[in-house]
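Taking it in order: structure first as structure tokens, then the write-up.
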Amino acid sequence: MTQKATQAPAILPTAHESLETAYELMHMSSGIVASWSKYQQEMISFHSKHILDGLQFQQKLMCCKSFQETCDLGKNFFATSSKQYCEEVQKLGKLSLRIMPSELTGMNNEINR
């Protein structure tokens, strides 16, 4: 059996083109790190607030004097929590799209509207 020899690309990038590519990759990396940091900060902030809200809910439950009061409190807590989670999912969705460089996603214009 004979093996085919692999061929190098016909045109190799020049040193200048290689430096430009390296600079572009470095620039994209810093943007990705900054976007990822914002994403993490948003998640931590949301979950911290939700934990505190949950603790306050438990304290209020202990003060309820009737079954109806307990039901009303629970209904309000879960309605508020559901709304907050939906809003947070939308925020995190937009932030997660910013993590990827616009060259890869092609969505940067949509995000910044």
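Keep in mind that what you see is a predicted model, and the values were worked out from it rather than measured. Computation of the quantities below employed the complete heavy-atom set of this structure, encompassing side-chain atoms and omitting hydrogens, waters and symmetry-equivalent molecules.
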### Query
In Å and rounded to the nearest 0.5 Å, what is the CE to OG distance from Met43 to Ser48?
10.5 Å

### Gap between atom NE2 of His47 and atom CG of Leu52 - 0.5 Å precision
13.0 Å

### CD on Gln84 to NZ on Lys49, rounded to 0.5 Å
4.5 Å

### Message
Angle between ring planes, Phe46 versus Tyr85, binned at 30° and 60°: parallel, tilted or perpendicular?
### Response
perpendicular

### Message
Quick one: does any side-chain atom of Ser45 pair with a main-chain N or O of Gln41 as donor and acceptor, under 3.5 Å?
### Response
no

## Note on the structure
On a heavy-atom basis, the closest approach of Leu61 and Leu73 is N-CD2, 3.6 Å

### Query
Trp36, Leu92: one ILVMFWY side-chain cluster at the under-4.5 Å cut-off?
yes

### Query
Looking at side-chain heavy atoms only, is the closest gap between Ser35 and Leu95 below 4.5 Å?
no

### Message
Looking at every heavy atom in both Gly74 and Phe57, which two are closest together, and how far apart are they?
### Response
CA-CE1, 3.7 Å

### Task
Evaluate the side-chain proximity of Ser66 to Glu69: yes if any heavy-atom separation is below 4.5 Å, no if none is.
yes

### Task
Can you measure from NZ (Lys94) to CD (Gln90) and round to the nearest 0.5 angstrom?
7.0 Å

### Message
As an exercise, state the distance from CD of Gln58 to SG of Cys63, rounded to the nearest 0.5 Å.
### Response
12.5 Å

### Message
Within this structure, what is the NZ-CD distance for the pair Lys75 and Gln68, rounded to the nearest 0.5 Å?
### Response
8.0 Å

### Task
Evaluate the criterion side chain to side chain contact (heavy atoms under 4.5 Å, CB included) for residue pair His50 and Glu88; output intermediate values, then yes/no.
CA-CA 11 Å; His50 193 69; Glu88 188 64 15; over 6 Å; no

